[in-house]
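As structure tokens, the structure follows; a few thoughts come after it.
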Amino acid sequence: MTRIIYVFGSNLAGRHGAGSAHHALTHWGAIYGRGVGMQGSSYAIPTKDEMLRTLSLDTIRKYVDEFIAFATAHHDSTFVVVRIGCGLAGYSDEDIAPMFKNAPSNCQLPRGWR
């Protein structure tokens, strides 16, 4: 049976108070205070820092690359990726989608991101 993992945008403080992070906290086992990586049935990709300031695209890209390596190593799971960085962080789909061009086939990306 394939495990479904919800991939959401977070902040480095792990304050999952709004948007997809709050959804991950209430429905997917995200852990308050943890802003990076696997937690419960979710995976956090930071788009904001500890002070809730938006991270640079280069910094977000590093976290996305870590996620892609994780998803590649866990081919038995399906990763449902939401539009990270395109809500509270203020980036556009055109800014973030190219970061996922090397995502493995077990990643379900938002419409238009593949």
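Note that this is a predicted model, so its numbers are computed, not measured.
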Check for a donor-acceptor pair, side chain of [X] on one end and backbone N or O of [Y] on the other, with a separation under 3.5 Å.
| X | Y | result |
| --- | --- | --- |
| Asn106 | His74 | yes |
| Thr59 | Leu55 | no |
| Gln39 | Ile31 | yes |
| Arg83 | Ile96 | no |
| Ser10 | Ala21 | no |

Trace of the side-chain contact (heavy atoms from CB on, under 4.5 Å) decision for Arg3 with Asp76: CA-CA 7 Å; Arg3 183 174 181 197; Asp76 56 331; over 6 Å; no
Side-chain touch [X]/[Y], heavy atoms, less than 4.5 angstrom:
| X | Y | answer |
| --- | --- | --- |
| Ile60 | Asp95 | no |
| Met38 | Phe70 | yes |
| Arg15 | Leu52 | yes |
| Val81 | Phe8 | no |
| Val7 | Ile45 | yes |

Return the orientation label for the Tyr6 and Trp28 ring planes: parallel under 30°, perpendicular over 60°, tilted otherwise.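 Tyr6 vs Trp28 ring planes: parallel.
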Are Phe79 and Tyr43 close enough that their ring centres sit under 6.0 Å apart?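 For Phe79 and Tyr43, the ring centres are not under 6.0 Å apart.
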Taking NZ, NE, NH1 and NH2 as the nitrogens, is one of them in Arg61 or Asp58 under 4.0 Å from a carboxylate oxygen of the other?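 Answer for the salt bridge query: yes.
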side-chain contact (heavy atoms from CB on, under 4.5 Å) for Met99 and Leu57? Distances and angles first, verdict last. CA-CA 9 Å; Met99 296 181 193; Leu57 289 171; 3.6 Å; yes
